[in-house]
Amino acid sequence: MQWTVNFDIPDFQPKIDHHSQLYAIGSCFSTMIGDRLSDRKFDIVNNPFGTLFNPLSISQVLEDALLEMPVNTDMVLVRDSLYLHFGMHSDISAYSKDSLERLIHKKQHLTKTQLEQASHLLITFGTAWVYEYGEANQLVANCHKQPVGLFEKRLLNLDEIHKTYIGFFNLLREFNPNIQVILTVSPVRHLKDGIMENQVSKSLLRIACHDIAESFDFVHYFPSYEIMMDELRDYRFYKSDKTHPTDEAEVYIWERFKQAWIAPAAYPMIQEIEQIRRELAHRPFNPESPSHLKFLENLNKKLERLSQFFDFSKEMDQLRKQVDFRK
């Protein structure tokens, strides 16, 4: 008996390999995919402005970076002695306004540099519900736990999402004519908005992705939301909050992404790097045993060999700490 519905995902081109340059932005699904790519030594800039949920805030930070726009200081606030920006996640913080501006400019420069040469841009939409701040009704990416009375909540409409991304992608191609864009809708449920409201939001985002992908031949849709809703249609694939996918669900979606987007020629290297990660996480029964010493020696040789091609400095530091601890 078949207990799930499986569906085919297009074989996208051009594929991602270890020569590709990648940029990921958006909700925590982008971070998850980006982290897995980074862990497997792909060249990726991953959510440098922190987690962003709504499509308009995502396009705004990317456009500001490409055009080298000054920081909008009207959107700066102070919370718990930290300076934050309403257009970004609270991960982007500093102890002074000047320091925050320098940090944001650094993120913008990194973004512009990567986007100008990136082969692939991954964008994940999380919600179509947005908050507008103050008398100017400036759309915010994050309310930063400010009083609810400062904001007006509303639902984006399809036309404004579509027009925003028509303009942004036309601009992007001026800077990088060869870039490929991967759009996806986050499988994370925004239950705080309400069950029905979350469904309306996800439906709007899915239609927006469809319309945008139909408008450009370099924009493609990856069905992460559909995988979660249909292939993994069971609460056992959600964490205890019934909102976020479990680790097993994330692995499953990652494997589907890998099959759809990553070049098969990169699989052997991915497998070798994954094996190294497992070996680094290994906890021996007897750290002083000859067999474990040999294990560490062989692992060090692997890292030294692969360090000719990729940056394994963190892994070598991790291994060194194990050896130092043993001493």
Side-chain angles (χ1 to χ4, degrees), residues 25-31 47-112 123-168 171 185-186 188-194 196-198 200-205 208 243:
I25 190 169
S27 81
C28 46
F29 175 77
S30 280
T31 302
N47 254 355
F49 300 100
T51 306
L52 302 174
F53 299 102
N54 78 78
L56 269 56
S57 291
I58 294 168
S59 66
Q60 187 66 63
V61 295
L62 294 177
E63 186 171 317
D64 286 351
L66 287 174
L67 297 177
E68 300 181 347
M69 298 296 289
V71 176
N72 182 357
T73 55
D74 291 340
M75 298 278 273
V76 173
L77 70 149
V78 182
R79 192 191 84 198
D80 297 332
S81 302
L82 285 175
Y83 285 76
L84 307 166
H85 195 282
F86 276 127
M88 298 162 201
H89 193 269
S90 55
D91 289 344
I92 312 304
S93 64
Y95 287 105
S96 72
K97 188 175 180 181
D98 289 342
S99 296
L100 179 64
E101 287 190 58
R102 287 194 297 271
L103 175 61
I104 293 173
H105 280 307
K106 182 178 179 181
K107 303 284 187 181
Q108 288 177 329
H109 178 72
L110 174 65
T111 293
K112 178 179 170 65
I123 300 176
T124 303
F125 296 158
T127 182
W129 288 101
V130 297
Y131 293 84
E132 293 174 330
Y133 168 68
E135 296 180 0
N137 290 327
Q138 296 186 85
L139 188 145
V140 305
N142 195 302
C143 295
H144 297 306
K145 299 182 179 178
Q146 297 304 292
V148 67
L150 296 176
F151 307 94
E152 289 289 336
K153 182 179 180 180
R154 71 174 179 90
L155 191 66
L156 295 175
N157 62 66
L158 289 174
D159 190 52
E160 63 185 319
I161 299 173
H162 188 250
K163 284 183 177 178
T164 295
Y165 276 85
I166 293 295
F168 170 66
L171 173 69
V185 174
S186 171
V188 177
R189 306 162 78 207
H190 288 251
L191 298 185
K192 290 182 179 179
D193 292 322
M196 293 182 291
E197 290 80 1
N198 175 71
V200 171
S201 169
K202 297 294 188 183
S203 299
L204 281 169
L205 297 178
T243 297

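- Contact detail for N198 and H190: the closest heavy-atom pair is OD1-N, 2.9 Å.
- Here the closest heavy-atom approach between residue S201 and residue W129 is recorded as CB-CD1, 3.7 Å.
- No more than 12 heavy-atom neighbours from other residues, nucleotides or ligands sit within 6.0 angstrom of CD on E152.
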request  = Under the side-chain contact (heavy atoms from CB on, under 4.5 Å) rule, what do C28 and V188 come out as? Steps first, then yes or no, please.
outcome  = CA-CA 8 Å; C28 46; V188 177; 3.7 Å; yes
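- When the side chain to side chain donor-acceptor pair (under 3.5 Å) test is applied to D159, the partners found at least two apart in sequence or on another chain are K163.
- Put simply, the side chain of N54 gets close to the backbone of L56: a donor and an acceptor are under 3.5 Å apart.
- The 12-atom threshold is not exceeded at NE2 of H109, counting heavy atoms of other residues, nucleotides or ligands nearer than 6.0 Å.
- Residue L100 comes nearest to I92 through the heavy atom pair CD1-O, 3.8 Å, listed as atom of the first residue, atom of the second, then distance.
- Residues passing the side-chain contact (heavy atoms from CB on, under 4.5 Å) test with K106, sequence neighbours excluded: none.
- I58 pairs with exactly one of T124, L52, T164 by the side-chain contact (heavy atoms from CB on, under 4.5 Å) rule, that one being L52.
- Among residues two or more places apart in sequence or in another chain, the side chain to side chain donor-acceptor pair (under 3.5 Å) test is passed with T31 by N47.
- Summarising the geometry of E132 relative to R154, their closest heavy-atom pair is OE2-NE, 2.8 Å, with the distance given to 0.1 Å.
- Using a 30° and 60° split on the angle between ring planes, F151 and F86 fall in the perpendicular class, above 60°.
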ask   = Between M88 and S57, does a side-chain contact (heavy atoms from CB on, under 4.5 Å) hold up when you go through it step by step?
value = CA-CA 8 Å; M88 298 162 201; S57 291; over 6 Å; no
